[in-house]
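To keep things clear, I will list the structure first and then write my remarks on it.
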Amino acid sequence: MLSKLLKIGIVCPYSWDTPGGVGNHIRDLAEYLIAQGHDVSVLAPASEDATLPSYVVSAGKPISIPYNGAVARILFGPVAYARVRSWIAEGDFDLLHLHEPAIPSISLLACWAAEGPMVGTFHAAAKHQKIIFAIGPILEPAIEKLSARIAVSEAARLTLTDHLDTDAVIIPNGIYASRYMHGTPQSKWQGNTIGFMGRFDEPRKGLSVLIDALPVISRFAPDVKVFVAGPGDPDEVIKDIDPQLRSRFEFLGKVSESDKADFMSSVAIYVAPNTGGESFGIIVAEALAGGACVVASDIPAFDDLLGHGQYGALFESENSTELAKVIIDLFRNEGKRNELARSGKTHAQLFDWSVVAEQIYSVYEMSVVGGSKVRVSQDSRSWSRFLSKEEKP
Amino acid sequence: MRYWVLAVFLIIFIIWYLTFLARRLDRLHQRVDNTWANLDILLQKRAAVALEIAHSDIADPASSMLLTGAAYQARDAAIQNRSNAESGLSGALGLLLEDAQHLTTSADSQLLTELSALTDKIRVAIALHTDAVNRSQMLRSKFVVKSFRLAGSAPLPVTYEFEADVL
């Protein structure tokens with residue numbers, strides 16, 4: 001299995017105390033690598049009062065800027081740059097793993113400041129990132145320093161090739177498939193039920209598409225129930241629902257990991273109606289691992305993840321009529337539902353950390369082959385000497 | 001007077017820019033070397049596994065001969081013949097694997113899993129190498145880089161034909 005033990009520095013661009021896809025991915029990866037015996041340090045922005053795991057080093061307090069249809073809490077600036085440099089200098093790393101190095105964040109700063117084996121993972125997939133990527137010519141020399149690039153999906157790879165003119169290896173996001181494999185079906189969630197999970201008050205998660213589809217669905221399946229799990233304020237959403245259908249919805253709030261497994265194995269259909277901004281769809285992978293029959297919008301990430309409909313049903317994104325049709329069809333056809341759920345569950349094993357982390361590790365191995373360690377780059381050292389006299393050795 | 005200052009700044013900037021480009025180029029060349037070293041190691045390993053397969057029960061005598069030949073050729077090939085030799089080995093392995101799906105003994109299937117894991121790694125190594133080569137070719141085709149001979153005497157990195165269709 002993992003042969004050589006490495007000292008790995010991982011940089012997380014987003015605030016550690018705000019949960020999100022990239023942050024979760026880094027946490028799971030770091031914990032997996034530590035469990036394998038590697039020495040891992042994660043540099044991430046964090047609020048002052050946040051409690052951090054022992055392997056996380058705070059780079060300072062993040063600021064909030066709107067990015068990619070959501071508010072991103074990231075960090076940059078001269079103070080952060082100095083922290084990044086000293087983290088690199090003190091860390092004596094064999095390898096740096098930078099996440100999302102193409103946005104203005106400490107990942108980009110680290111890419112700038114360091115020299116040596118570096119791996120970059122690109123998570124985002126979005127068409128309208130032109131503004132961020134318009135600074136391509138400035139980014140290019142920095143991104144070029146990465147010895148290997150990883151994209152989490154075909155969609156993320158295309159974003160990268162379009163904007164930065166460079167190729168990447170595709171390694172999907174990881175899940176702990178075994179955590180979701182043995183959920184016990186709960187009778188309260190069974191029957192003609194539809195599950196939805198995520199921050200439902202964010203428009204791009206597409207709950208409104210499902211709400212619009214419900215009048216048609218309830219005509220064919222009068223006993224249909226929709227369970228919405230995830231953080232958010234239900235009242236905001238409820239007031240937009242037709243009063244006659246309000247009783248069909250039940251908001252569960254945030255659910256625990258073990259409830260999640262039960263939830264996925266209980267509901268008849270799991271719906272992911274996201275309208276975009278998704279580059280991998282970790283929750284869909286988890287739903288598959290939990291043995292749910294998945295219905296998802298045909299945005300590139302989901303289309304890819306579900307094998308163009310092989311491991312779950314797809315509908316045209318934002319088309320609630322088609323969503324209703326697909327759901328009704330599946331409600332009526334239990335055989336097809338089970339078949340999709342079964343093949344999806346097998347497919348989801350490919351995203352298990354034991355597979356994904358091995359792939360990431362083999363990229364690490366290829367990056368460290370030169371034998372040199374990560375150090376602060378020459379340019380950045382002369383710059384700091386030029387800018388601040390007191391840093392002279 | 002003012003022109004002098006401006007000229008000095010311009011010259012400093014030009015010098016800085018040239019060293020910056022040269023350093024970028026140097027880094028890319030290093031990347032090409034590293035990625036090639038990776039690929040080379042993996043290909044050597046593949047040849048070794050191919051030999052083992054040739055000596056195991058998976059291969060019938062005829063394909064064993066073919067495979068042994070191809071593996072030795074790939075291992076000993078000089079750089080000019082490397083591309084042909086690796087393609088040959090890919091072909092020989094491909095032929096054998098096509099009808100080796102129904103294997104039963106665990107020792108044999110272990111060899112095959114090893115081979116498929118190696119092939120996955122080779123695929124990644126090729127992608128990394130091609131990318132490094134493309135980037136350096138792109139930078140080296142820049143007018144400034146060419147006219148100031150920033151690449152020095154370093155040979156222009158190339159990709160090999162076999163990289164397009166390894167297994």
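Residue numbers begin at 1 in each chain, while the letters A, B, ... track the order of the sequences.
In this structure, no portion of B:L21 lies under 4.5 Å from any heavy atom of chain A.
In B:Y72, the OH atom is not crowded: 12 or fewer heavy atoms of neighbouring residues, nucleotides or ligands sit closer than 6.0 Å.
Although no hydrogens or angles enter the test, the distance criterion places no donor-acceptor pair under 3.5 Å between the side chain of A:D167 and the main chain of B:D131. Remark: the backbone N or O of A:M366 is paired with a side-chain donor or acceptor of B:N38 at under 3.5 angstrom. In terms of modelled atom types and a separation under 3.5 Å, the side chain of B:R24 and the main chain of A:E144 share no donor-acceptor contact.
A distance of 11.5 Å separates CG of B:L28 from NZ of A:K145, quoted to the nearest 0.5 Å. Within the model, atoms CZ of B:R31 and CG of A:L146 stand 7.5 Å from one another, a figure rounded to the nearest 0.5 Å. Residue B:L118 holds its CG atom at 10.5 Å from OG of A:S362, rounded to the nearest 0.5 Å.
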Practice task
Given salt bridge (Lys or Arg N to Asp or Glu O under 4.0 Å), test A:E358 with B:K121 step by step and report yes or no.
Solution key: CA-CA 11 Å; A:E358 284 305 308; B:K121 280 192 185 177; over 6 Å; no
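Of all non-hydrogen atoms in A:P141 and B:R27, the two that sit nearest each other are O-NH1, 4.2 Å. A:S147 and B:L128 get closest at one heavy-atom pair: O-CD2, 4.0 Å.
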